[in-house]
There are 2 protein chains.
Amino acid sequence: MAGPERRKKPRLTGDVDGEARIIPPTRDMTYSLPSGRHLASARRREIYVHASRLFVEQGYDATSMSDIARAVKITKAGLYHFVESKEDLLFTIINWGMDELYEEVVDPARAVEDPRERLRLIIRNHLSNIGRVASPYGNPVTRVVDEASALGPERRRAVEDRKRGYFELIRNTLVQLRDRGELADGIDPTVAAHSIIGAIMWMARWRRPRGRLSLDEVIEQITALTLQGVLAAGVAD
Amino acid sequence: MAGPERRKKPRLTGDVDGEARIIPPTRDMTYSLPSGRHLASARRREIYVHASRLFVEQGYDATSMSDIARAVKITKAGLYHFVESKEDLLFTIINWGMDELYEEVVDPARAVEDPRERLRLIIRNHLSNIGRVASPYGNPVTRVVDEASALGPERRRAVEDRKRGYFELIRNTLVQLRDRGELADGIDPTVAAHSIIGAIMWMARWRRPRGRLSLDEVIEQITALTLQGVLAAGVAD
DNA sequence: CCGATCTAACCTACCGATCGGTAGGTCGCA
DNA sequence: TGCGACCTACCGATCGGTAGGTTAGATCGG
């Protein structure tokens with residue numbers, strides 16, 4: 001396992017490019033994996049649900065295909081009837097999460113003209129997305145996205161491009177706010193955008209479903225706190 | 001598991017000289033592993049430095065003992081002459097990082113009476129600790145601490161106890177600020193403490209040594225931004 | 001000053017377990 | 001009769017770790 005070629009060659013048999021949106025999201029209080037084209041059968045859905053859970057609980061590398069097979073009550077060979085490879089499993093799960101992020105956060109945000117309200121919506125919706133799943137380990141996607149380093153170079157870059165797209169949305173919103181004089185003095189939009197995302201993502205690590213505060217309370221707290229951190233005094237309602 | 005428990009002293013018999021110790025932001029541009037007790041020999045030091053770098057670059061599970069041996073230019077069996085097990089390597093590295101955190105952040109903070117200045121010192125010094133190492137992957141420790149899940153139950157709990165100690169320091173400081181009316185209205189100290197830590201830790205993920213802003217600039221940005229987020233209007237200088 | 005002895009610092013060669021993945025079947029249903 | 005949904009049995013590679021050396025240099029009594 002020397003440096004550059006950590007993993008075997010990515011089998012890009014043409015399924016990477018035009019078909020980035022693999023899975024449409026569903027609203028669900030359990031792990032929500034939908035009935036998209038690639039996930040037509042209930043069995044397939046079950047596999048992805050259990051895999052994402054295990055990846056979150058144990059990490060991608062620490063989870064074996066046998067672990068996943070056992071969870072789905074199937075043999076490993078049976079599992080490979082539905083799945084091309086372990087990396088494929090990870091890539092699909094990550095893309096599912098990114099689809100959700102774009103549909104629930106990015107797309108609605110782009111429809112909001114006022115940058116202050118847009119920023120508020122982004123923070124609130126992203127937190128809502130992360131917190132919606134009542135797992136003892138937090139939202140699967142938020143944690144599994146971190147495992148993108150296990151992907152081959154092309155797929156990893158595809159994931160990173162979508163991450164960057166989200167980051168730029170926030171950063172551009174902050175630039176717009178600065179131009180209007182609504183950003184706190186001296187605050188750099190890039191640093192501020194990263195810090196906001198950090199505070200948001202961190203919630204997936206510490207929040208537990210049966211905590212003292214409800215999800216909505218936590219969301220309002222973090223939203224208020226991050227907005228006050230970057231907006232000029234008196235602007236943040 | 002359950003091997004010889006080579007206990008590392010927490011070194012909490014701190015000398016509180018009553019004066020706030022602000023550590024200089026840029027102290028060392030390489031991986032700084034102390035020449036302390038258990039790392040007496042230069043060879044041993046080399047092993048831990050390379051191991052922590054590889055754990056950060058590839059993750060704990062994805063790094064094999066052969067990888068580490070190769071980096072140190074030794075055979076795997078030779079590596080085991082210095083190291084008890086892979087988990088031991090991880091545990092030592094994590095504890096090294098926690099020692100640093102307590103010596104550079106927690107202990108100096110406990111010497112500061114004013115909660116506002118204490119909070120500012122905590123944020124600044126923690127960011128300084130994280131950013132000091134000029135690695136393309138950020139401070140090794142900050143990332144490796146996340147791998148504590150790979151530890152056995154006892155060791156994992158030991159790490160988590162020290163994490164909790166740090167969290168409570170911040171949370172108690174926020175409670176103290178609230179009692180003085182210096183916290184923003186309606187802000188919950190627990191949520192605020194987590195969010196501050198999130199913004200701090202996130203820096204290790206996005207900052208690159210040759211970025212547009214200097215480390216000191218970034219530190220000041222995040223410090224100002226997080227303080228303004230939680231303190232009452234007009235209080236955050 | 002001279003061997004004899006000891007030890008830290010490595011080495012080669014190997015272990016059983018487990019990894020991701022596959023070949024080639026069986027079986028029930030359309 | 002065909003096919004999707006599985007199965008048993010196995011592959012080569014790699015994993016963390018070990019047994020049992022070799023070797024250079026410090027340490028020792030005489």
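Residue numbers begin at 1 in each chain, while the letters A, B, ... track the order of the sequences. Quick caveat: nothing in here was measured; it's all calculated off a predicted structure.
Atom C1' of nucleotide C:dT18 and atom CG of A:Asp61 are separated by 14 Å, given to the nearest angstrom. When the P atom of C:dG20 is taken as reference, atom CG of A:Leu90 falls 12 Å away, rounded to whole Å. With rounding to whole Å, A:Arg44 atom CZ is found 11 Å from D:dG4 atom P. Atoms CE (A:Met65) and P (D:dT14) sit 19 Å apart, rounded to a whole Å. In this structure, CD of B:Glu84 is placed 14 Å from C1' of D:dG16, rounded to the nearest angstrom. Atom CD1 of A:Ile68 and atom C1' of C:dC19 are 13 Å apart (whole Å).
Here B:Arg157 pairs with nothing under the salt bridge (Lys or Arg N to Asp or Glu O under 4.0 Å) rule; sequence neighbours left out. Legend: residues meeting salt bridge (Lys or Arg N to Asp or Glu O under 4.0 Å) with B:Glu168, ordered by chain and number and at least two apart, are B:Arg171. Contacts of B:Arg210 classified as salt bridge (Lys or Arg N to Asp or Glu O under 4.0 Å), with partners at least two apart in sequence or in another chain: none. With sequence neighbours excluded, no residue forms a salt bridge (Lys or Arg N to Asp or Glu O under 4.0 Å) with A:Arg164.
Within a heavy-atom distance below 4.0 Å of DNA chain C, the residues of residues 69-83 of chain A found are A:Lys76, A:Ala77, A:Tyr80.
The pair A:Lys86-A:Asp61 does not count as a salt bridge, with every side-chain nitrogen at least 4.0 angstrom from each carboxylate oxygen.
For the pair B:Arg43 and C:dA8, the criterion of a side-chain N or O lying under 4.0 Å from OP1 or OP2 is not met.
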Would you mind writing out the side-chain donor-acceptor pairs for residues 194-203 of chain A within the sub-3.5 Å range, not counting sequence neighbours?
from: A:Ser195; atom 1: OG; to: A:Val191; atom 2: O; distance (Å): 3.0

